[in-house]
Amino acid sequence: MNIFADFQARVADALRAMVGQGRLPQNLDLTRFVVEPPRDPSHGDLATNAAMVYAREAKEHFGNPRALAAALAEAIGAMPGVTAVEIAGPGFINIRLDPAMFADVLRAVLTDPSFGRGQASGGKVNVEYVSANPTGPMHVGHGRGAVFGDALANLIAFSGRDVTREYYINDAGVQVDVLARSAFLRYREALGETIGEIPEGLYPGDYLKPVGEKLKQQFGDTLLGKPESEWLPQVRQAAIDAMMDMIRTDLAAMNISHEVFFSERTLHGGADSPIAKAVADLRARGLIYEGRLPPPKGQLPDDWEDREQTLFRATEFGDDVDRPLVKSDGAYTYFAADIAYHKSKVDRGFLDMIDVWGADHGGYVKRMQAAVKAVSQGKAALDVRLCQLVKLMRDGQPVTMSKRAGTFVTLREVVDEVGVDAVRFMMLFRKNDAPLEFDLAKVLEQSKDNPVFYVQYAHARGSSVLRQAKAAFPDLALEGAALAQAPLALLQDEGEQGLMRLIAQFPRQVEAAAAAHEPHRIAFYLHDLASAFHSHWNSGKDKPQLRFVNEETRDLTIARVALVASLTRVIAAGLALLGVSAPQEMR
RNA sequence: GCACCCGUAGCUCAGCUGGAUAGAGCGCUGCCCUCCGAAGGCAGAGGCCAGGGGUUCGAAUCCCUUCGGGUGCGCCA
């Protein structure tokens with residue numbers, strides 16, 4: 001039940017009727033106006049800007065926006081559940097609702113386990129996130145993308161779309177060869193050799209030692225005498241598998257799992273490989289040519305050589321320059337593989353795809369979007385969400401991170417130290433494209449300026465009210481269906497009605513956040529909800545008659561318990577979207 | 001030099017795809033704690049939304065431009 005969407009539809013109907021009467025022109029785009037909660041609650045429960053939006057089209061019959069507003073207001077005033085309609089300012093229509101409408105919302109929350117969930121609609125959506133290289137442990141920056149992508153996928157699924165969570169494994173290219181050589185060194189170490197300092201250019205981390213041990217168990221010393229060309233493929237695969245196991249385990253520690261792990265390696269191969277096919281396809285459509293690229297302005301790379309190369313006409317799809325697909329050594333570029341990868345997504349039926357990347361890949365967005373347009377003949381759309389850096393702090397002081405000094409902080413260490421809930425909530429309590437300061441000490445504080453605590457505490461406090469109510473009235477049934485029978489009309493206090501209005505916004509917040517691909521909105525909405533709840537709680541200090549549980553007033557208590565139960569359900573549902581737990585108590 | 005992101009209270013940040021008088025936390029000032037959970041509460045001060053143009057009924061939000069930060073800039077992944 002989404003009263004904003006309901007009224008959006010009703011006002012659209014009213015406008016359509018006016019079109020039918022010839023009072024408004026045909027072919028009116030009825031999606032342009034909004035029905036939203038007014039910023040100032042004294043303006044009522046709902047407001048719409050429809051009269052102003054269509055003022056130009058209405059000029060002929062109505063003259064000015066206020067005249068159209070008057071006609072619309074008349075139609076709105078006749079709608080069920082509306083108690084008052086006012087025209088304000090340049091043509092806002094402010095609507096007051098029968099409190100019974102909000103009681104209906106509470107009953108929906110209490111009886112419908114999928115309150116806020118959108119209607120199943122639209123095609124499949126692919127969300128690709130994390131995609132960390134399988135060469136080592138994930139760091140905190142990966143964690144942000146991981147949490148963001150996961151919450152976004154939750155949100156979009158909840159809004160009614162069919163979502164696939166995907167991870168692209170960069171298991172081709174020189175990096176994984178370096179990984180293999182590094183693992184081979186650990187293998188020799190496991191066999192008793194003294195390997196000394198890890199040479200420059202190889203991965204020095206201890207995390208490869210278990211891989212060396214495993215190689216020893218698997219192969220004994222049989223790899224030692226062989227040339228690199230023979231052992232490398234085997235060692236490489238073993239190392240990649242071990243790294244992916246580690247990454248999957250660390251993701252699982254944050255309650256993140258993907259349905260699809262897509263291997264880049266499967267795109268490579270001979271003349272009938274997916275990359276070759278994708279390139280051939282584009283070439284057949286005249287989107288690939290042999291040509292020269294102007295050198296980049298500004299700082300010229302040291303090894304720049306002007307040469308003719310195979311280029312994709314990215315500029316035809318909005319990119320700044322055409323992009324090379326084949327390296328000077330004849331191998332395909334990473335971009336060529338990425339084209340084939342995204343073509344695979346299109347071939348698998350995804351016309352909506354979202355990639356979550358680190359901000360340092362921002363320069364790559366245009367070419368990827370160009371490629372998606374090209375391989376899908378313009379049918380598919382790619383949104384790339386860039387996650388900014390995470391600055392790790394402790395008590396306001398930056399935590400120094402240096403691989404060399406051995407103070408490199410992995411994502412897993414942070415999760416183990418502060419817990420999943422804190423990590424996930426804080427990562428989502430900021431817009432994805434804004435840098436984030438993550439304070440390891442602050443997120444554990446039990447105080448108002450720790451939003452994780454603040455929101456979870458609201459849920460615990462609400463749960464506490466339910467326990468109190470049960471203690472005061474042992475025969476009270478706390479199940480949703482029972483509470484839905486509560487005399488909700490008794491909820492007359494301003495604070496109570498404010499909470500009901502906020503609760504009624506949940507479906508709208510979900511819809512908007514999903515459409516905008518911005519899960520942080522849910523985190524902020526929950527913070528607002530928690531804040532309103534705590535504030536109303538506190539008003540019970542000065543006015544004991546406002547407390548939720550009063551033994552003298554059973555009916556009122558039941559109504560208030562229903563309100564609190566609704567609130568905790570919405571908080572729990574919102575936290576679930578973020579992947580954060582909703583504790584019953586926090587003692 | 002070019003592209004993308006960002007610039008909102010002293011600080012850290014929201015601002016619901018263009019709406020009404022600009023929002024929160026911290027910090028600051030002043031009151032308040034026997035009472036459902038005071039790991040606090042209430043109230044107040046604090047703003048030329050970086051600057052300047054434009055678009056329209058209406059701009060923090062969209063366009064242009066200047067300034068100031070960040071990230072990138074054949075073939076790395």
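Protein chains get the first letters and strands the later ones, always in sequence-line order, with residue 1 at the start of each. It should be emphasised that the depicted structure is a prediction, and the values quoted were computed from it without experimental measurement.
Contacts of A/Arg430 with the nucleic acid, taken as non-hydrogen atoms under 4.0 Å apart, involve only primed sugar atoms and P, OP1 or OP2. Among the protein residues, A/Asp439 comes within range of no part of the nucleic acid, since none of its heavy atoms lies under 4.0 Å from any strand. Across all strands shown, A/Glu305 has heavy atoms under 4.0 Å from base atoms, whether or not it also approaches the sugar-phosphate. Across all strands, A/Phe524 comes closer than 4.0 Å only to sugar-phosphate atoms, never to a base (heavy-atom distances). Residue contacts for A/Tyr364: at a heavy-atom cut-off of 4.0 Å it reaches a base atom on one of the strands shown. Nucleic acid contact for A/Ser539: none, since no nucleic acid atom lies under 4.0 Å from a heavy atom of the residue. Among the heavy atoms of the strands, none lies under 4.0 Å from A/Glu437.
Closest approach to the A/Pro90 side chain among B/rA38, B/rU17, B/rC57 is made by B/rC57 (side chain taken as heavy atoms from C-beta onward).
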Could you pull out the protein-nucleic contacts involving nucleotides 3-8 of chain B (nitrogen or oxygen on both sides, under 3.5 Å)?
unit_1 : atom_1 : unit_2   : atom_2 : d
B/rA3  : O3'    : A/Lys366 : NZ     : 3.1

Within the sub-3.5 Å range, which N or O atoms of nucleotides 27-31 of chain B have a protein N or O partner, and how far apart are they?
none

Name the pairs: protein N/O against N/O of nucleotides 61-64 of chain B, kept only if under 3.5 Å.
none

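Residue-to-nucleotide contacts include a donor-acceptor pair under 3.5 Å from the side chain of A/Arg547 to the base of B/rC35. Scanning atom types as modelled, no donor and acceptor separated by under 3.5 angstrom connect the side chain of A/Asp360 and the base of B/rG72.
Classification of A/Asp355 and A/Arg385 as a salt-bridged pair fails, no side-chain N sitting under 4.0 Å from a carboxylate O. Salt bridge status for A/Arg32 with A/Glu57: present, with a side-chain N to carboxylate O gap under 4.0 Å.
Between A/Lys448 and A/Val465, the residue anchored closer to the 5' end of RNA chain B is A/Val465, taking for each the nucleotide with the nearest heavy atom. Of the two residues contacting RNA chain B, namely A/Ala515 and A/Gly540, the nearest-nucleotide position lying further toward the 5' end is that of A/Ala515.
Considering only side-chain N and O atoms, A/Arg461 lies under 4.0 angstrom from the phosphate OP1 or OP2 of B/rA38. At least one side-chain nitrogen or oxygen of A/Ser535 sits closer than 4.0 Å to the OP1 or OP2 atom of B/rC42. For A/Trp537, a side-chain nitrogen or oxygen approaches OP1 or OP2 of B/rA38 to under 4.0 Å.
Residue A/His520 and nucleotide B/rA14 are not classified as a stacked aromatic pair, given the requirement of ring centres less than 5.5 Å apart at an interplanar angle below 30°.
Counting only residues at least two apart or in different chains, salt bridge (Lys or Arg N to Asp or Glu O under 4.0 Å) contacts with residues 427-445 of chain A comprise A/Lys391-A/Glu437.
Within residues 549-561 of chain A, the residues approaching RNA chain B are A/Val549, by heavy-atom distance under 4.0 Å. Residues from residues 128-138 of chain A that place a heavy atom under 4.0 Å from any atom of RNA chain B, listed by number: A/Asn133.
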For residues 498-515 of chain A, dump all side-chain donor-acceptor pairs below 3.5 Å to protein atoms at least two apart in sequence or in another chain.
unit_1   : atom_1 : unit_2   : atom_2 : d
A/Arg501 : NH1    : A/Asp45  : OD1    : 2.8
A/Gln505 : OE1    : A/Gln509 : NE2    : 3.2

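Applying the side-chain contact (heavy atoms from CB on, under 4.5 Å) criterion to A/Asp320, with sequence neighbours excluded, gives A/Lys366. A search for side-chain contact (heavy atoms from CB on, under 4.5 Å) contacts involving A/His268 returns A/Ala172, A/Glu264, A/Ile275, A/Ala337, not counting sequence neighbours. For A/Ala84, the side-chain contact (heavy atoms from CB on, under 4.5 Å) test picks out A/Arg96, with sequence neighbours left out. The ring-ring contact (aromatic ring centres under 6.0 Å, His included) search around A/His527 returns A/Phe429, A/Tyr454, not counting sequence neighbours. For A/Ala239, the side-chain contact (heavy atoms from CB on, under 4.5 Å) partners at least two apart in sequence or on another chain are A/Leu179, A/Ala183, A/Val211.
Nucleotides B/rA24 and B/rA43 have their P atoms positioned 10 Å apart, rounded to a whole Å.
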